[in-house]
Amino acid sequence: MVITNNTTLPEESELNVQELNLSSAALRAGSFHLGKQCEQENNEFMLCRQELDDPRACLGEGKAVTSCALNFFRKVKKTCHEEFMQYATCLDKSSGTMAFTQCRKTQGVFDKCVKDNFDWERPSYGYFSRAKVIHSAREAPKKEELKSYPDATPGLPEDYPKPPAKYGSRFHWLE
């Protein structure tokens with residue numbers, strides 16, 4: 001996106017949103033359930049960004065994503081705080097890459113807590129990479145009409161004389 005003098009930027013009050021003040025390990029620990037619970041908001045935001053190609057037009061959708069994530073972590077903190085923190089700490093301390101493999105036991109305890117309290121299933125492996133059709137309440141943007149330019153050089157008439165090439169054919173192997 002090119003910014004010119006005619007570009008209007010949003011006011012700072014429009015951009016101020018309470019941020020998600022969490023560590024990478026905490027975000028990674030809650031990522032599967034967060035992705036499933038906030039799927040609709042995330043899809044709307046990504047669809048807006050993809051279709052409109054203007055981040056200013058998608059501020060409302062971005063605020064909805066942040067709000068959903070805040071609500072998700074508040075619910076988890078209220079009911080499954082201890083299990084969540086054990087899982088996040090395990091991810092943080094067990095490996096430099098925060099790999100899930102060494103934290104399957106704490107993951108199972110956290111998943112059980114979430115299942116018992118909220119009835120949220122952990123998404124199956126590959127759930128987020130499956131192709132999905134998204135139904136949105138927002139109407140699709142109008143597509144630009146493709147400009148059609150007529151051929152500037154008309155072709156030769158069929159009866160135009162075509163003498164043989166002076167230096168032989170370009171496709172000599174076909175002759």
Side-chain angles (χ1 to χ4, degrees), residues 1-4 6-92 94-101 103-104 106-144:
M1 183 175 135
V2 177
I3 296 179
T4 63
N6 299 334
T7 305
T8 56
L9 296 175
E11 296 294 322
E12 190 166 343
S13 61
E14 294 178 74
L15 300 175
N16 283 340
V17 175
Q18 183 180 358
E19 293 187 15
L20 214 55
N21 193 11
L22 293 172
S23 67
S24 299
L27 287 171
R28 191 165 170 89
S31 62
F32 285 93
H33 293 290
L34 173 66
K36 182 73 170 142
Q37 296 311 309
C38 296
E39 185 174 21
Q40 183 63 33
E41 290 85 353
N42 285 326
N43 288 343
E44 283 292 329
F45 175 70
M46 294 308 294
L47 190 64
C48 178
R49 287 293 309 267
Q50 184 71 30
E51 287 180 344
L52 300 180
D53 197 28
D54 184 5
R56 298 169 299 165
C58 304
L59 290 176
E61 286 84 352
K63 287 179 182 180
V65 170
T66 305
S67 173
C68 181
L70 281 168
N71 291 335
F72 170 79
F73 282 111
R74 284 181 185 137
K75 288 178 187 176
V76 168
K77 183 178 179 181
K78 208 178 272 184
T79 55
C80 298
H81 183 331
E82 193 63 37
E83 294 87 348
F84 177 74
M85 288 311 296
Q86 285 177 346
Y87 184 34
T89 304
C90 179
L91 286 174
D92 194 25
S94 64
S95 72
T97 59
M98 288 192 241
F100 292 109
T101 54
C103 300
R104 295 298 182 194
T106 53
Q107 174 188 328
V109 171
F110 174 62
D111 287 345
K112 183 179 181 324
C113 179
V114 169
K115 173 72 173 144
D116 293 344
N117 290 308
F118 302 114
D119 199 32
W120 294 342
E121 289 280 338
R122 182 179 185 86
S124 61
Y125 184 72
Y127 174 81
F128 296 109
S129 61
R130 290 186 203 134
K132 298 177 184 89
V133 175
I134 299 169
H135 300 286
S136 175
R138 196 172 47 79
E139 63 182 64
K142 295 181 176 87
K143 295 180 181 174
E144 285 186 29

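These numbers come from the heavy atoms of this one structure, side chains and all, not from hydrogens, waters or symmetry mates. Numbers here are sequence positions counted from 1.
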Chi angles and distances behind the side chain to side chain contact (heavy atoms under 4.5 Å, CB included) call for Phe110, Lys115: CA-CA 9 Å; Phe110 174 62; Lys115 173 72 173 144; over 6 Å; no
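- Residue Leu91 forms a side chain to side chain contact (heavy atoms under 4.5 Å, CB included) with just one option from Arg28, Gln107, Gln86, and that option is Arg28.
- The side-chain heavy atoms of Cys38 and Val65, taken from C-beta on, include no pair separated by under 4.5 Å.
- If you take CD on Glu14 and CG on Leu59, they are separated by 6.5 Å, rounding to the nearest 0.5 Å.
- At least one donor-acceptor pair closer than 3.5 Å links the side chain of Thr89 to the backbone N or O of Met85.
- Around NZ of Lys75, the count of heavy atoms belonging to other residues, nucleotides or ligands within 6.0 Å does not exceed 12.
- Note that NZ of Lys63 and CD of Glu41 are 15.5 Å apart. Values are rounded to the nearest 0.5 Å.
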Evaluation steps, side chain to side chain contact (heavy atoms under 4.5 Å, CB included), between Ser31 and Lys36: CA-CA 8 Å; Ser31 62; Lys36 182 73 170 142; over 6 Å; no
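- Asn16 CG: more than 12 foreign heavy atoms inside a 6.0 Å radius.
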Pair Ser136-Glu44, side-chain hydrogen bond (donor to acceptor under 3.5 Å, both in side chains): steps then yes or no: CA-CA 7 Å; Ser136 175; Glu44 283 292 329; 2.8 Å; yes
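- The backbone N or O of Ala88 sits nowhere less than 3.5 Å from a side-chain atom of Asp92 that would complete a donor-acceptor pair.
- Between His33 and Phe118, the distance separating the two ring centers is not shorter than 6.0 angstrom.
- Remark: aromatic rings of Phe32 and Phe100 are close, center separation under 6.0 Å.
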From CA spacing to verdict: side chain to side chain contact (heavy atoms under 4.5 Å, CB included), Thr66, Glu19: CA-CA 7 Å; Thr66 305; Glu19 293 187 15; over 6 Å; no
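- Atoms SG and CG, on Cys68 and Leu20 in that order, are 10.5 Å from each other to the nearest 0.5 Å.
- A salt bridge links Arg138 to Glu51: one of the charged nitrogens lies within less than 4.0 Å of a carboxylate oxygen.
- How far CD of Glu82 is from NZ of Lys77: 12.5 Å, rounded to the nearest 0.5 Å.
- The cationic group of Lys132 lies under 6.0 Å from the six-membered ring centre of Tyr127 and within 45° of the ring axis, placing it in a cation-pi geometry.
- Side chains of Thr7 and Arg56 form a contact here, defined as non-hydrogen atoms less than 4.5 Å apart.
- Every residue two or more places apart in sequence or in another chain that forms a salt bridge (Lys or Arg N to Asp or Glu O under 4.0 Å) with Arg122 is listed here: Asp111.
- Once rounded to the nearest 0.5 Å, the distance linking CD1 of Ile134 with CG of Asn43 reads 4.0 Å.
- When every heavy atom of Tyr87 is checked against every heavy atom of Cys103, the shortest pair comes out as CE1-O, 3.8 Å.
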Side chain to side chain contact (heavy atoms under 4.5 Å, CB included) between Phe73 and Leu22, worked out: CA-CA 10 Å; Phe73 282 111; Leu22 293 172; 3.5 Å; yes
Working for salt bridge (Lys or Arg N to Asp or Glu O under 4.0 Å), residues Lys112 and Glu83: CA-CA 9 Å; Lys112 183 179 181 324; Glu83 294 87 348; over 6 Å; no
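- Rounded to the nearest 0.5 angstrom, Leu34 CG and Glu39 CD are separated by 11.0 Å.
- Side-chain contact between Leu70 and Gln18 is present, with at least one heavy-atom pair separated by less than 4.5 Å.
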